[in-house]
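In what follows, chains are A, B, ... by sequence order, proteins preceding strands, each numbered from 1.
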2 protein chains.
Amino acid sequence: MEMTERKKKVLRSVVDLYIRTAEPVGSKAITELPDMNYSSATIRNEMADLLTMGYLEQPHTSAGRIPSAAGYRLYVDELMADYRLSMDETKSINTAIEEKMQQVDRLVEKVAKLVSQATDLPAISMAARRGGATATRFEVIPAGAGSVILVVMLSDEQVLNKLIKLPLSVTQSDLQVLSAVLNATLTGLSPEEFTPELLQKVMNSAGEAASLVPVIMDFTAEALSKQANANVAVAGQMRLLGQPEYRDAKKAQRVLTKLDEDALANLPAVLENGNGTKVLVGPENITQELKDTSVVMTKFDIGDGMQGLIGVVGPTRMDYAKVTARLSYFAESLSKMFAKPEQKQLPGGKDEEA
Amino acid sequence: MEMTERKKKVLRSVVDLYIRTAEPVGSKAITELPDMNYSSATIRNEMADLLTMGYLEQPHTSAGRIPSAAGYRLYVDELMADYRLSMDETKSINTAIEEKMQQVDRLVEKVAKLVSQATDLPAISMAARRGGATATRFEVIPAGAGSVILVVMLSDEQVLNKLIKLPLSVTQSDLQVLSAVLNATLTGLSPEEFTPELLQKVMNSAGEAASLVPVIMDFTAEALSKQANANVAVAGQMRLLGQPEYRDAKKAQRVLTKLDEDALANLPAVLENGNGTKVLVGPENITQELKDTSVVMTKFDIGDGMQGLIGVVGPTRMDYAKVTARLSYFAESLSKMFAKPEQKQLPGGKDEEA
DNA sequence: GTTAGCACTCTTTTCCCCTGAGTGCTAAGC
DNA sequence: GCTTAGCACTCAGGGGAAAAGAGTGCTAAC
């Protein structure tokens with residue numbers, strides 16, 4: 001059986017209506033649409049065809065039709081109308097970003113929250129570094145009685161610091177020697193190169209302050225290997241409960257629990273391939289738990305070797321056009337924001353307190 | 001009517017059973033308990049009394065009884081058996097804390113997650129500073145071409161840093177002058193004291209690097225006033241969905257949405273008064289949305305002028321004995337951990353990346 | 001003071017019937 | 001050869017009655 005234009009038109013109508021109503025769509029409802037100048041019988045024939053072609057499903061014999069996964073797929077790839085964001089929408093997204101993004105603290109969490117608000121669905125957000133960083137500069141400065149502060153600059157312009165309490169007293173010049181040695185030996189190295197032999201070597205040349213070296217190297221190596229890890233946040237989980245398909249809490253719980261575990265574990269891999277917006281419809285998700293759930297994600301560059309990803313999770317019957325449009329706009333705005341030099345406040349970090 | 005020992009015993013049994021089964025408790029069920037050597041008729045009489053006294057409620061005429069808020073209150077305050085944590089429980093809490101708390105990143109989130117796991121309920125966690133901090137030391141160090149790093153030490157031993165790109169070039173000695181001026185003028189001040197006049201004064205004496213001063217003062221003032229704010233996290237929201245009283249997603253959504261908003265807004269006030277474990281039963285919560293929900297919280301000191309709070313949210317029918325026991329143990333372990341100097345890794349901060 | 005007995009109340013479950021939405025098919029119409 | 005009207009058929013969902021079950025309240029006896 002071949003796919004005619006009219007079949008596509010019918011399929012699109014079915015998906016559109018189902019997205020709006022969450023109820024199986026009957027032939028009559030289709031005929032009542034504008035631009036549908038056929039009788040219900042004709043539509044019924046077309047729908048029967050679409051059923052055998054696998055684009056529609058029938059919950060039971062005498063019910064309307066709902067899109068199958070394949071139907072959604074076709075809809076997403078070819079059929080859905082471009083959703084143009086209204087002025088209001090772009091404005092509210094823009095102001096939200098501007099208001100919330102002033103402080104650089106916990107950016108991924110904030111982004112996730114904003115995306116969730118903008119789509120009224122659970123959202124994930126992630127930032128990850130593309131390549132591994134190395135240390136570019138060390139500085140050890142005195143910090144009052146019995147303490148020094150270690151400052152490490154990384155190749156990606158992050159700045160880390162650590163307060164070290166001294167078991168012994170060292171002089172300012174000891175620290176200068178130490179800083180010089182660190183800068184000479186440890187810059188440009190990957191975490192794997194922080195071997196015990198290297199530690200020995202550095203300690204030998206570090207003079208009086210040698211006892212600080214193990215702490216410093218541990219800290220640096222750990223920080224560097226952590227770079228590779230992603231920074232993931234999930235927000236707005238409870239919005240899933242607003243969707244009629246999750247009126248049953250058990251069902252929602254399964255999805256949300258999975259989301260919690262997996263967002264953190266599996267997402268980094270997703271970043272690897274391909275840019276742009278991606279839609280995973282129901283069963284295309286690998287895990288069984290997300291069989292009735294779709295994921296829409298956008299990946300984008302945010303400069304400085306960082307990649308961002310934002311995405312939302314919702315029922316297969318979600319408004320793909322709206323969601324993808326908002327998500328793309330969001331991604332675009334974020335990229336722009338990070339590209340603007342006056343907003344780029346990158347390493348204005350702040351310690352987590354203990 | 002007076003409260004006899006037997007009445008208390010019956011009340012305790014009703015609450016215990018209701019916590020276990022989530023079903024109204026009938027007189028027959030009570031008689032089947034060990035140590036209950038009375039007939040169902042006797043129990044019925046006692047239950048009728050407890051009903052008129054307001055400790056029990058009756059969903060409808062021919063149903064069993066469920067505890068009222070007052071009933072829970074009495075149960076929590078007087079009746080419930082001490083729950084002794086098993087070796088397994090203490091061990092799993094301890095190892096969880098040890099494993100997860102190694103990195104100081106995002107501590108509140110991690111704690112919330114752990115508490116939620118330990119209790120199988122949504123959890124909140126918070127860390128807040130008791131008094132306002134001040135800056136104790138400034139250091140401006142060169143960081144390669146056209147950049148300097150500002151390091152600020154706070155009175156609470158946090159260390160903040162910020163990378164500043166220079167619009168102009170300054171020499172090392174300029175920076176030393178600047179550091180000296182900053183240390184002389186800005187240490188020990190509360191954020192309110194960062195006035196425009198002070199800014200002017202500092203700039204006048206800062207020499208070549210004067211153009212850096214506004215950025216530095218803004219950053220410091222903001223960091224200091226942020227100190228006062230609390231650091232709140234919520235985790236495991238979806239665990240609420242496992243509770244039978246929230247099988248209806250709508251209900252769960254109301255509570256969870258409230259939790260999301262309010263945990264961040266209202267909790268800091270809670271920290272103000274009284275230490276120890278506290279139970280808020282259903283209607284004792286101020287907000288209407290939490291009427292059928294109980295909150296158990298523990299506040300504790302974690303040294304360094306910091307206070308911690310952990311808590312869980314669940315149905316009024318929750319296992320108070322178990323939850324309070326686990327929560328207290330958690331609080332205790334955390335305090336201990338933070339008190340141990342070798343684990344105290346306080347300002348080993350790490351920047352959030354953009 | 002305690003308990004057995006029993007009538008009574010109310011929810012929950014089950015069953016049945018009916019209604020309505022929607023289909024599939026056939027035969028007629030353009 | 002499409003398209004459409006017509007009609008029999010199917011099935012989910014709602015309403016209501018009846019039956020089942022759990023538990024109470026009360027009375028009278030122990």
Side-chain angles (χ1 to χ4, degrees), chain A residues 1-11 13-18 20-33 35-68 71 244-245 247-248, chain B residues 1-11 13-18 20-33 35-68 71 244-245 247-248:
Chain A
M1 193 159 339
E2 73 188 304
M3 187 49 135
T4 64
E5 275 310 308
R6 193 172 67 183
K7 280 195 177 47
K8 285 187 186 173
K9 196 169 164 189
V10 172
L11 177 56
S13 304
V14 172
V15 179
D16 280 339
L17 270 178
Y18 186 61
R20 276 230 310 278
T21 63
E23 300 280 319
V25 179
S27 52
K28 183 121 171 285
I30 301 285
T31 59
E32 280 159 3
L33 255 36
D35 267 350
M36 250 325 155
N37 303 315
Y38 297 99
S39 74
S40 65
T42 309
I43 302 298
R44 267 204 295 286
N45 289 333
E46 294 291 46
M47 282 166 83
D49 289 353
L50 287 167
L51 187 75
T52 58
M53 292 164 83
Y55 292 115
L56 292 180
E57 285 174 359
Q58 209 170 11
H60 56 266
T61 330
S62 75
R65 303 301 184 5
I66 63 177
S68 70
E245 22 275 282
R247 220 175 293 135
D248 173 20
Chain B
M1 195 159 336
E2 74 189 304
M3 188 50 135
T4 64
E5 275 311 307
R6 193 170 70 183
K7 280 195 176 50
K8 285 187 185 173
K9 195 170 166 188
V10 171
L11 177 56
S13 304
V14 172
V15 180
D16 280 339
L17 268 178
Y18 186 61
R20 277 229 311 276
T21 62
E23 300 279 320
V25 179
S27 52
K28 183 121 170 285
I30 301 286
T31 59
E32 279 159 3
L33 256 36
D35 265 351
M36 254 322 157
N37 302 314
Y38 298 98
S39 74
S40 66
T42 308
I43 302 297
R44 268 205 295 287
N45 290 332
E46 293 289 46
M47 282 166 85
D49 288 352
L50 286 168
L51 187 75
T52 58
M53 291 165 83
Y55 292 115
L56 292 180
E57 283 173 3
Q58 208 170 11
H60 56 266
T61 332
S62 76
R65 303 306 193 337
I66 63 177
S68 70
E245 23 273 281
R247 218 174 294 135
D248 173 19

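Every side-chain contact (heavy atoms from CB on, under 4.5 Å) that B:Ala41 has, sequence neighbours left out, goes to B:Ser39, B:Arg44. A:Arg20 is linked by a side chain to side chain donor-acceptor pair (under 3.5 Å) to nothing, counting only residues two or more places apart in sequence or in another chain. By the side-chain contact (heavy atoms from CB on, under 4.5 Å) test, B:Lys8 pairs with B:Met3, B:Glu5, B:Glu78, B:Leu79, sequence neighbours left out. With sequence neighbours left out, A:Arg247 forms a side-chain contact (heavy atoms from CB on, under 4.5 Å) with A:Pro244. Scanning for salt bridge (charged side-chain N to carboxylate O under 4.0 Å, His left out) contacts around B:Glu2 gives an empty result, with sequence neighbours left out. Under the side-chain contact (heavy atoms from CB on, under 4.5 Å) criterion, B:Asn45 pairs with no residue, sequence neighbours left out.
Whole-Å rounding puts the A:Ile43 CD1 to D:dT3 P distance at 10 Å. In this structure, the CE atom of A:Met36 is 15 Å from the C1' atom of D:dT3, given to the nearest Å. Atom CD in B:Glu23 sits roughly 13 Å away from atom C1' in D:dG23 (whole-Å rounding). In this structure, the NE2 atom of B:His60 is 18 Å from the P atom of C:dC8, given to the nearest Å. Here D:dG23 presents its C1' atom at 16 Å from OH of B:Tyr18, a figure rounded to the nearest Å. Between B:Glu46 atom CD and D:dG23 atom P there is a gap of 19 Å when expressed in whole angstrom units.
Counting only residues at least two apart or in different chains, side chain to side chain donor-acceptor pair (under 3.5 Å) contacts with residues 49-66 of chain B comprise B:Lys7-B:Asp49.
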*Worked check of side chain to side chain contact (heavy atoms under 4.5 Å, CB included) between A:Met36 and A:Val10*: CA-CA 9 Å; A:Met36 250 325 155; A:Val10 172; 4.3 Å; yes
*If the sugar-phosphate is the primed atoms plus P, OP1 and OP2 and the base is the rest, what is the B/S/- string for nucleotides 14-29 of chain C, using protein heavy atoms under 4.0 Å?*
-------BSBB-----
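Contact between the side-chain N/O atoms of B:Thr42 and the OP1/OP2 oxygens of C:dT3 is found at a separation under 4.0 Å.
Comparing the end axes of the helix from C:dG1-D:dC30 to C:dC30-D:dG1, each fitted to five base pairs by superposing C1' atoms of four pairs onto the next four, gives an inter-axis angle of 20° (nearest 10 degrees).
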